[in-house]
Each structure stands twice: as C-alpha cells, then as structure tokens.
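Before any comments, here is the structure.
For ligands, and for the atoms within them, numbers begin at 1 and follow the listed sequence. When a residue number appears, it is its place in the shown sequence, counting from 1.
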Amino acid sequence: MSQRRYLLDEGSVPTRWYNVAADLPSLPPPPLHPGTGQPVGPDDLAPIFPMSLIEQEVSTERWIPIPDPVREVYAMWRPTPLHRAVGLERALGTPCRIFYKYEGVSPAGSHKPNTSVAQAYYNREEGVRRLSTETGAGQWGSALAFACTHFGIECKVYMVRASYDSKPYRRSMIHTWGGEVVASPSPDTAAGRAILAETPDSTGSLGMAISEAVEDAATRDDTNYSLGSVLNHVLLHQTVVGQEAREQLAQAGAEPDVIIGCVGGGSNFAGLVFPFLADAAAGRPLRIIAAEPAACPTLTRGHYGYDFGDTAGMTPLLAMHTLGRGFVPAAIHSGGLRYHGMAPLVSHLVETGIVEARAYQQRECFAEAVRFARAEGIIPGPEPSHAIRAVVEEVERAREEGVERTILFNLSGHGNFDMAAYDAYLSGEMIDYELPQEELDAAAADLEGLPALP
Ligand SMILES: *Cc1c(COP(=O)(O)O)cnc(C)c1O
C-alpha cells in the first residue's frame with residue numbers, strides 16, 4: 001500500500017482509538033430519522049458517510065485499530081507535546097501543577113486533523129472522490145483541505161459568512177491545500193438560496209453551513225459529507241489526545257485531579273477527557289470541566305432534547321443540549337465555539353453529572369490568553385482561552401481551599417490566525433455579550449413538535 005513516508009516509531013503514535021461507549025454505564029438516546037422519528041440505521045446514513053465511519057458511529061467495541069496510513073500522517077506531528085505550564089504557575093503564584101496538551105503543532109494548527117485525516121482516508125478507501133463540509137472559524141475547513149490533498153480527493157468548504165469575511169488567511173490555507181471555499185449562505189445550494197432570499201445579508205451560522213454541505217453531498221454521487229465535531233466517530237478519532245496525555249503524565253509521575261477543555265461541538269474536550277474516564281469510574285476523585293462562551297451557552301443554558309444538527313432540518317435528530325437550530329450566535333471571536341448543539345456523548349455526561357459545564361465572557365478569556373502568551377510563549381486560539389479561564393478559576397478555588405491540585409487542560413490550537421481578535425482585545429474594543437433570555441426562549445421555539453427524549 002502506501003509507502004512509509006514519515007518515520008513511524010512504533011509505539012510513539014497510538015495504535016488504536018478508545019471508544020468510550022464500551023465503558024459508559026448508560027448510552028445517550030439514539031439519533032432519530034427526521035422523517036420517521038425512528039432510530040436511524042446504517043442505510044439512512046450511507047448516502048453521505050462511508051460504511052466504515054457509520055460502523056464506528058454505532059460501535060461499542062472498546063478499542064478500534066488506527067489504520068497504518070492514518071498513523072503515518074499522524075506521525076507528521078504526533079505525539080503532540082505535553083507541557084508543564086511552569087511559566088503560568090509562576091505568574092499565578094500557585095503551588096498547583098498545571099499541565100497542557102498542545103494540539104497546535106499540527107499542520108492546520110489545531111486538534112482537527114486528528115479526525116480529518118481519518119475521515120479522508122476512509123472515504124478514499126470506499127471510492128469517494130470529493131468531500132463537502134462546513135466550517136465556522138475556518139479551522140475545520142483547513143484541516144479537511146489538508147487531509148483531502150494528502151489522500152488525493154477534492155474538498156468543498158461552506159464557510160460561515162462572518163468568518164469568511166473576517167478570517168481571510170484561513171481561506172488562503174484552504175486554497176493552498178487545494179480546496180474550494182465559498183461563503184455560506186451561498187447561491188450554490190437550495191438551502192443557501194432559500195436563506196439568502198429571506199436574509200440577503202445573513203452573516204451565516206454553522207447550522208446553515210451544515211445544511212448546505214449535507215445537501216451538496218446528498219445530491220452528488222461522487223461526494224460524501226464530513227463533520228468536524230459532534231458525532232461519535234469524530235470524538236473517537238480525537239482520543240489519541242487523551243491516550244498520549246495519560247502516558248505522558250504517568251512518565252512525569254503526575255495524575256490529574258481536574259481536567260478541563262473548551263467545548264464547541266465537544267470533540268477536543270472528549271478527545272482529552274474520555275481516556276481518563278475509566279480512572280474516575282475506578283474511584284479516583286476527578287473533576288471534569290467543560291468551558292463554553294457565555295454568548296453561546298449550549299451546555300449551561302441550553303435545552304436537553306432532540307434537535308437537528310443543522311438549520312434546514314436535514315440531519316438526523318440528535319439527543320443533545322441545544323440552543324435551537326435557528327440560533328445565530330453573536331459574532332464573538334471564538335468562531336469554533338459558536339454551534340447551537342453539542343456532541344450527544346458530552347451532553348449525556350453533563351446530564352449524568354460526570355462533567356461540569358461553565359460559561360465565560362470573551363474578555364475574561366482573552367485576559368487569560370494574554371497572560372498565558374506572556375508566561376508560556378504560545379498564543380492560544382480564542383477557543384481554548386475558555387479552558388485557560390477555567391484553569392485559573394480552579395487555581396483560585398484550590399487556593400481558597402488550601403490544597404494543591406494537578407490540573408490538565410487541552411490547548412486545542414494556536415491563535416496565530418486570530419490576531420485581529422487579540423488587537424480588538426488589546427485596544428479595548430472587544431465587548432462582552434450576555435445572551436438575553438428572550439433570545440434563548442425564541443430559539444427554543446424551534447424545538448416545538450420534535451420528538452421527546454425517551
Ligand atoms: C474547532 C475548534 C474548537 C471547538 O470544537 P470542538 O469540537 O468542541 O473541539 C476548539 N478549539 C479549536 C482550536 C478549534 O479549532
């Protein structure tokens with residue numbers, strides 16, 4: 001098959017993904033078919049996903065082998081470093097030990113290639129020649145373009161209009177890797193044209209862009225759809241992060257008391273956290289915290305029930321925390337956290353009390369991102385700045401309680417393409433958004449008439 005292009009030191013890159021579904025005391029309610037309201041079967045998903053990913057989506061096998069061609073690409077940047085944040089510890093004057101897993105060393109600058117590479121590989125293996133997808137801030141679109149060019153398939157990206165206009169360099173990355181990108185809502189799909197007819201100056205949303213990308217895949221024989229978060233198989237692929245972190249921490253002689261990640265659709269959080277859940281189940285006291293923006297407070301203020309993954313209502317109904325599929329979040333700088341829904345597995349862990357959720361304003365997050373950049377060197381993406389905010393809150397809490405804790409968090413990506421956001425913060429122009437309850441109630445009206453959870 002493929003020749004070994006990267007030095008694959010056996011043992012250094014994980015050989016398998018960890019499937020948390022094998023170990024959870026209970027599973028989230030199943031996805032439902034939007035037409036029949038019955039659980040979706042493999043045949044319902046086959047028009048837009050390859051069978052190997054559909055199998056992973058429903059699998060309850062604990063370990064799933066990572067194909068060698070995928071591991072070879074991972075070896076370009078994996079294992080990623082686990083850093084002890086000595087600079088940040090010093091800046092905070094804390095005896096707590098803070099560790100972070102740094103996923104910004106991937107070619108696209110985030111954790112997202114962990115799944116884009118796997119998805120492009122499986123699609124190519126099943127003869128698919130083109131992938132369509134959506135992207136919010138552009139991280140996912142660029143990660144998929146990178147993976148597609150590696151495996152020699154085409155990539156079409158529907159990019160949320162607000163980011164398309166404000167993040168031109170993410171577009172340039174997609175072009176450089178040979179992908180095609182249009183602003184969403186676009187005139188290229190019926191879903192996009194319908195939105196434009198009603199709201200010609202729409203700034204778009206992930207839900208709208210997903211509708212467009214799903215329609216693209218469903219109406220073309222040569223094209224499948226690819227999603228960068230939320231679904232079980234995406235979270236599965238991200239578990240290389242937590243597996244490596246667990247081993248690296250053991251080498252450092254440390255065990256975490258608190259694990260923290262930011263959540264948009266839930267994938268980088270799940271990737272870090274899931275491999276540690278067995279430790280928690282075995283009785284180790286472990287607190288797990290999901291950090292989200294106050295302007296898009298899916299877990300902390302959203303409704304838990306069945307909802308569509310997209311705006312037009314074409315995807316299966318997922319059991320998740322949701323702000324309603326019509327929700328258009330404020331134009332905060334964490335483009336990657338502006339999604340109305342949440343991974344069903346992450347929602348389920350919050351519902352069952354295994355995971356705590358917290359929401360933060362963007363200015364307090366950027367304040368911590370700047371402190372982090374000065375202490376640690378790396379400029380964090382706006383998304384993981386929410387995780388850093390939560391870390392600092394935990395440090396304060398440990399100080400009040402008079403204890404020393406070991407805190408681990410996921411630095412899911414760097415912020416080198418987000419300097420406009422840093423400029424806005426540093427010049428004092430950045431503003432906070434407190435989502436009014438009326439807006440939440442209005443968005444929740446979209447949920448009326450949808451099936452209830454069992
Ligand atoms: C996309 C993205 C996120 C949010 O997505 P999740 O699926 O919740 O991880 C967070 N951080 C970075 C750097 C991202 O690119």
Quiz item: Under 3.5 Å, N or O to N or O, is Gly266 touching ligand 1 that way?
Solution: yes
Quiz item: Using heavy atoms and a threshold below 4.0 Å, how should the contact between Ser267 and ligand 1 be classified: side chain, backbone, both, or neither?
Solution: both
Quiz item: Would one find an N or O of Gly413, backbone or side chain, under 3.5 Å from an N or O of ligand 1?
Solution: no
Quiz item: What protein heavy atom sits nearest atom 4 (C) of ligand 1, and how far away is it?
Solution: Gly336 O, 3.3 Å
Exercise. Assign the ring pair His83 / Tyr100 to parallel, tilted or perpendicular, where the plane angle (0 to 90°) is split at 30° and 60°.
Key: tilted
Quiz item: Which of the atoms of ligand 1 are close to Ser110, meaning less than 4.0 Å from one of its heavy atoms?
Solution: 13 (C), 15 (O)
Exercise. Decide if atom OH of Tyr433 counts as having more than 12 heavy atoms of other residues, nucleotides or ligands within a radius under 6.0 Å.
Key: yes
Practice problem: Can you spot which of Ile407, Asp279, Leu272 makes a side chain to side chain contact (heavy atoms under 4.5 Å, CB included) with Ile259? | Solution: Leu272
Exercise. Mind telling me whether Tyr74 and Trp17 have parallel, tilted or perpendicular rings, with 30° and 60° as the class edges?
Key: perpendicular
Quiz item: atom 15 (O) of ligand 1: which protein heavy atom is closest, and how many Å away?
Solution: Lys112 NZ, 2.6 Å
Quiz prompt | Note: Arg338-Glu134 ion pair, threshold 4.0 Å (strictly below) | solution = no
Quiz item: Any side-chain heavy atom of Thr15 within less than 4.5 Å of one from Arg71?
Solution: yes
Practice problem: Please write down residue, atom name and distance for the protein heavy atom closest to atom 12 (C) of ligand 1. | Solution: Ser412 OG, 3.4 Å
Quiz prompt | Which segment of Val230 sits under 4.0 Å of ligand 1 when only heavy atoms are counted | solution = neither
Quiz item: Between Val230 and Ser267, is any pair of side-chain heavy atoms under 4.5 Å apart?
Solution: no
Quiz item: Leu337 heavy atoms, cut-off 4.0 Å: which ligand 1 atoms fall inside?
Solution: 4 (C)
Quiz item: Going by the atom numbers of ligand 1, which of them fall below 4.0 Å from some non-hydrogen atom of Gln139?
Solution: 13 (C), 14 (C), 15 (O)
Quiz prompt | Flag, side chain of Ser205 to backbone of Val328, donor-acceptor distance under 3.5 Å | solution = no
Quiz item: Can you tell me the protein heavy atom closest to atom 7 (O) of ligand 1 and the distance?
Solution: Ser229 OG, 2.5 Å
Practice problem: Check the angle between the aromatic planes of Trp63 and Tyr18 and answer parallel, tilted or perpendicular using the 30° and 60° thresholds. | Solution: tilted
Quiz item: For ligand 1, is there an atom lying under 4.0 Å from some heavy atom of His111?
Solution: yes
Quiz prompt | ligand 1 N/O within reach of Val263 N/O, cut-off under 3.5 Å | solution = no
